[in-house]
Amino acid sequence: MAVLLVFTIILSLLSTELSFVFADIGTATAYHPPYLPTRCNGNRQDQFPPGNLFVAVGEGLWDNGAACGRRYRMRCISGNNKPCKGSTIDVKVVDFCRKSPCPSTIVLSNDAFQAISRVDAKINVEYVQYASSHDHLNATAFY
């Protein structure tokens with residue numbers, strides 16, 4: 001019986017650690033207004049989520065426009081001068097990266113970037129896509 005208990009405890013600890021596998025690692029920078037028009041919804045002001053937590057994505061995530069409306073949960077994990085605030089945010093894709101080549105995997109609105117970073121410089125982020133059903137989180141937690 002004790003062996004079963006130890007096995008159960010070890011298995012539960014490992015399953016918690018294995019959740020990291022589902023997150024992707026990339027880079028993030030900030031982009032500044034004007035934010036309109038976007039490649040997803042043109043000049044529609046209602047495309048922006050509450051709190052202006054939105055992003056533009058580079059070619060790797062764009063998926064020929066299928067990225068429009070996708071939701072990501074993300075956090076800063078590292079960068080120069082200890083930029084990370086330790087917070088996690090949920091963002092919505094509203095645009096394709098406007099620069100070519102794109103300076104990062106994901107380009108965050110000023111508000112989104114300031115929510116996770118203390119400095120306006122490229123940072124490393126961990127992110128996971130989640131399905132949005134009336135803005136309820138359906139993602140596997142990754143930390």
Side-chain angles (χ1 to χ4, degrees), residues 4-143:
L4 182 59
L5 180 61
V6 171
F7 177 75
T8 304
I9 291 170
I10 291 172
L11 184 61
S12 66
L13 289 172
L14 286 175
S15 67
T16 302
E17 295 302 316
L18 290 176
S19 64
F20 282 97
V21 174
F22 297 112
D24 289 310
I25 305 294
T27 57
T29 52
Y31 78 116
H32 311 288
Y35 297 120
L36 294 174
T38 68
R39 293 274 297 271
C40 292
N41 289 302
N43 286 306
R44 289 183 46 200
Q45 192 67 37
D46 65 346
Q47 68 184 302
F48 300 114
N52 288 321
L53 300 180
F54 59 88
V55 300
V57 295
E59 191 65 45
L61 294 175
W62 182 240
D63 196 16
N64 291 321
C68 291
R70 285 184 183 157
R71 304 271 181 169
Y72 290 94
R73 174 163 279 185
M74 64 187 322
R75 67 179 177 147
C76 173
I77 55 172
S78 66
N80 292 331
N81 301 317
K82 299 182 181 179
C84 303
K85 289 185 173 181
S87 55
T88 300
I89 59 172
D90 294 336
V91 296
K92 177 182 175 184
V93 176
V94 300
D95 208 353
F96 181 66
C97 183
R98 297 176 182 192
K99 294 182 179 177
S100 183
C102 191
S104 57
T105 310
I106 300 174
V107 186
L108 289 80
S109 67
N110 282 336
D111 290 335
F113 198 85
Q114 290 172 1
I116 61 172
S117 178
R118 293 181 184 89
V119 298
D120 189 8
K122 186 183 283 189
I123 58 173
N124 297 308
V125 293
E126 183 176 48
Y127 62 96
V128 63
Q129 181 183 343
Y130 67 89
S132 176
S133 174
H134 303 289
D135 295 332
H136 289 81
L137 183 64
N138 295 319
T140 301
F142 55 89
Y143 40 77

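Here the CD1-CG distance, from I123 to N81, works out to 13.0 Å after rounding to the nearest 0.5 Å. With rounding to the nearest 0.5 Å, the separation of OG1 in T88 from CZ in R73 is 6.5 Å. Expressed to the nearest 0.5 Å, how far NZ of K82 lies from CZ of R118 amounts to 10.0 Å. Taking OG1 of T38 as the start and CZ of F96 as the end, the distance is 13.0 Å to the nearest 0.5 Å.
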Steps toward side chain to side chain contact (heavy atoms under 4.5 Å, CB included) verdict (M74, I89): CA-CA 6 Å; M74 64 187 322; I89 59 172; 3.7 Å; yes

Worked verdict on D90 versus Y130 for side chain to side chain contact (heavy atoms under 4.5 Å, CB included): CA-CA 9 Å; D90 294 336; Y130 67 89; 3.3 Å; yes

Y72 and D24: CA distance, side-chain angles, deciding distance, side chain to side chain contact (heavy atoms under 4.5 Å, CB included) verdict: CA-CA 10 Å; Y72 290 94; D24 289 310; over 6 Å; no

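Scanning for side-chain hydrogen bond (donor to acceptor under 3.5 Å, both in side chains) contacts around R98 gives D95, with sequence neighbours left out.
Here the closest non-hydrogen pair linking P49 and R71 is CB-NH1, 4.1 Å. In terms of heavy-atom proximity, V94 sits nearest to Y31 at CG2-OH, 4.2 Å.
Heavy atoms from other residues, nucleotides or ligands lying under 6.0 Å from CG of N43 number more than 12. Surrounding NZ of K99 are at most 12 heavy atoms belonging to other residues, nucleotides or ligands under 6.0 Å away.
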Give the table of side-chain donor-acceptor pairs shorter than 3.5 Å for residues 105-113, with sequence neighbours excluded, one pair per line with atom names and distance.
from : atom 1 : to   : atom 2 : distance (Å)
T105 : OG1    : T27  : N      : 3.1
S109 : OG     : N52  : O      : 2.6
S109 : OG     : F54  : O      : 3.4
S109 : OG     : A112 : N      : 3.2
N110 : OD1    : H32  : ND1    : 2.6
N110 : ND2    : H32  : ND1    : 3.2
D111 : OD2    : N52  : ND2    : 3.4

Scan the side chains in residues 56-68 for donor-acceptor partners under 3.5 Å anywhere in the protein, sequence neighbours excluded, and list what turns up.
from : atom 1 : to  : atom 2 : distance (Å)
D63  : OD2    : R70 : NH2    : 2.9

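A donor-acceptor contact shorter than 3.5 Å links the side chain of S87 to the backbone of A115. For S104 (side chain) and T29 (main-chain N/O), a donor-acceptor pair under 3.5 Å exists by modelled atom type. In this structure, the side chain of Q47 engages the main chain of G42 through a donor-acceptor pair within 3.5 Å. Side-chain atoms of K122 come within 3.5 Å of backbone N or O of P103 as a donor-acceptor pair.
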